[in-house]
Amino acid sequence: MAATWQPKEEGLNEICALLEQHISPASDKSRIWQQLQHYNQFPDFNNYLAFIFARAEGKTVEIRQAAGLLLKNNMRTAYRTLDPGYQHYIKSELLPCLGAPDRHIRSTVGTIISVIVQQGRISGWPELLQALVQCLDSNDLNHMEGSMDALSKICEDIPQELDSEIPGINERPIDVFLPRLLQFFQSPHPSLRKLSLGSINQFIMLMPSALHLSMDRFLQGLFALSNDSVAEVRKLVCAAFVQLIDVRPSLLEPHLRTITEFMLQANNDSDEEVALEACEYWSTYCQAELHLELLRDLLDRLIPVLLTNMAYAYDDESLLEAEEDDSLPDRDQDLKPRFHSSRLHGSDEARDDDDDSFNIWNLRKCSAASLDEISNVYGDEILPSLMPLVQAKLSTSDDATWKAREAAVLALGAIAEGCIRGLYPHLAEIVEFLIPLLDDKFPLIRSITCWTLSRFSKFIVQGIENQKGHEQFNKVLTGLLKRILDTNKRVQEAACSAFATLEEEAADELVPHLETILQHLLCAFGRYQRRNLRIVYDAIGTLADAVGAELNRPKYLDILMPPLIAKWQQLSNSDKDLFPLLECFTSIAQALGTGFCQFGEPVFQRCIVIIQSQQLAKYDPASAGVQYDKEFIVCALDLLSGLAEGLGSMVENLVAQSKLKDLLLQCCTDDAPDVRQSAFALLGDLARVCPTYLHPSLSGFVNAAAKQLETSQLAESISVANNACWAIGELAIKVRQEISPIVMTVISCLVPILQHAESLNRSLIENSAITLGRLAWVCPDIVSPHMEHFMQPWCIALSMIRDDVEKEDAFRGLCAIVRANPSGASGSLVHIGKAVASWNVIRSKDLHDEVCHVLHGYKQMLGDGGWEQYLSALEPDLVFV
């Protein structure tokens, strides 16, 4: 029936009329959408759309295109469930459109074809390849362009499909198309040059054998197009070289000087997009560690180009934003998406200096990033080329040159790490020069000065030891605090972020200034709009992390807590502005310790309510009264962890009569990895301070945690496994023998992790080694019979762990199972020796004595000759006992 399908006139007219309304700006979109959904229930609705798109010559291009786009969406969701006859009809109607006179129809058919290939693969549409080839070989521009457009979209969406074996076809599609694509490099038509090069670029990362074998021809084609009159083609040439140097640098080596000279020229292209694409080359080149001499010879010419391009372009969006003062409310589009990072045990969390990740990447930012990368590779060598230019730009003072001055300050920040040795003798002078710029009349100079000073924070803090350095630190701190209260939103943001970086470096040095700092931050809290308010929360949280218990004084709490609590009470449980406040409270709870008791009850109860309502919303949003958003659960779990860490055993007063235990077990088995990650972090924190509370559900918690360590789960989320592993260890040392029923289940998961350490996250390896040691300590009789299966990789992992209490626990386990089964470790004595020698000092006297006892035992077992032979197998500098 489908093969002879014909549209009915009445249905055709109805759908066309509906599509006409659909594209009308004044139409009722909701009603039309419901009507379209109704039509979607008819099996041949997509046939009508295909017919309208391909054959409705009397209709406007807009109606035909609307039918095509609707067909594309339907093919993405329903193609595989369509009647095969209908599939055939739709595909047969699409192919003739490849050569349609109207370019909008050609473009739309390419999009639909790519979607169908994604759903049914090339093998499900053998006629397509033949049609594409015929069009490419036709010499008719419409057919060539239509075919090339479709092919480029397939290359972009599923390039691997064209480099696969297709049943019934002798060659891979890429082998058929590549020669034709390369031939189009010489086409007089810009559209064909652009589409063909863009298509080949999609294969550089995959590097199929066809492209590898044609590399010389491809490179010659790139050189020929490098001076193309069309900017989009030149941009694609730059993109090709950037990708090639990233994934196949060896292929470029014979031509490296020519390519690098071209990229330097392109970096100065009059078209900013070409210049931006070329600018990506320098960071990639440095990371590839290719012929550093070659680039060194070009630095004198490259650095001025980068510095020039670091100035704001006339149309940069930041120039408009810089005019906004803090009296203007934020627009919805001003609010960046916010992503909370779940707690991770065993990681060093680093702050990103520049929170521009959500902003548009442009030539200015790319040039600064390139200069940063170059400074890290060439260090002080770039200073003779750069600093005279920077000094010349900074020496100007007229309004017309403010962008050049701003770029010079940005350049100083960009090289702050890579060139620090050369800058260090002049650092006090540089900082002294920057401080007055915090008061510059131009907001963007004030904001970039905040950022650049933050890049020197570490060294500014180091200078506190001498009088002048101390005075300069005070000036920087005062200057940033003043800018936190700037009336310009952009400056507020930069100042708050810079101050948070300074807080991390300064830590206890901030204590004498705490009252002033809190007054400024809370003043900002009262006046900032929503976007920047998030950064104030971060600065307050970072301050709490930096000064810790010093914050726990009535005069500081009287400044800090009332405004935060007022905001806490003002925000509803479904307001996303609650996220950064929850994070802020987490840091404060950890810093105040038991001093947070007076705020603990309402904070704890609200976290429980948030988790309960979100778990209900997941399945029944109407009853919950809120839409499900896992971020609320993650933030609430992390705040509860902060409470447990801060309040210690006093948290038991809060949890005792609560439903937390059941809620937490649900979260430990949630389908969202970041919920599980935070849940296991909280489980470990509770195990430390109130294990008795968890006791009734011990088996459920440990089984849920062990499941995360299974090989199949590791691929999904290493961070979840990391926290689950740590939590099991914390539980083990608290409940001891009661964990015995599940010890071997956990061990069977930990051993493969340790055996494949080279391919896994270091934090997971360390936590696995510690947890295995803790299980061995509390249940040596269960673990020791199996020690020969894991002793060597375990000892290697133990030797990588820094000296701390957790390492002590692991070594207690090592000693316990060696005592229980001395012969089981006899084949791993060298590894045990290296693990013992990894200690700088064993501070615990009883553990030190235990380790000595174990080694003496093996010395007696081996005898003098055997012991000498054993020692000779160790590294000469490993001396113990």
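All figures in this text were calculated on a predicted structure; none of them were measured in a lab.
Atom CG of L754 sits about 9.5 Å away from atom CH2 of W794, to the nearest 0.5 Å. Taking CZ of F585 as the start and OH of Y537 as the end, the distance is 8.5 Å to the nearest 0.5 Å. Interatomic distance, D662 CG to Q615 CD, rounded to the nearest 0.5 Å: 10.0 Å. Atom OG in S717 sits 6.5 Å away from atom CZ in R676 (nearest 0.5 Å). The CD atom of E806 sits 8.0 Å away from the OG1 atom of T771 when rounded to the nearest 0.5 Å. Taken to the nearest 0.5 Å, the SG atom of C635 stands 11.0 Å off from the NZ atom of K576.
The neighbour count for R736 CZ, taken as heavy atoms of other residues, nucleotides or ligands under 6.0 Å away, is above 12.
Judged purely by distance below 3.5 Å, without hydrogens or angles, the side chains of S641 and D685 pair a donor atom with an acceptor atom.
Salt bridge E850/R819: present, at least one basic N to carboxylate O contact under 4.0 Å. Comment: R774 engages E730 in a salt bridge, judged by a side-chain N to carboxylate O separation of less than 4.0 angstrom. Under a 4.0 Å N-O distance rule, the pair D846/R812 qualifies as a salt bridge. A salt bridge links K618 with D670: at least one charged nitrogen is closer than 4.0 Å to a carboxylate oxygen. With respect to the salt-bridge test (charged N to carboxylate O, under 4.0 angstrom), the residues R534 and D538 do not qualify.
Here F632 and F579 bring their ring centres to under 6.0 angstrom of each other.
K807 places a side-chain N or O within 3.5 Å of a backbone atom of I801 that can act as its donor or acceptor partner. No side-chain donor-acceptor contact under 3.5 Å links Y693 to the backbone of A687. For S697 (side chain) and L694 (main-chain N/O), no donor-acceptor pair under 3.5 Å exists by modelled atom type.
The stretch residues 775-787 participates, sequence neighbours left out, in no side-chain hydrogen bond (donor to acceptor under 3.5 Å, both in side chains) pair at all.
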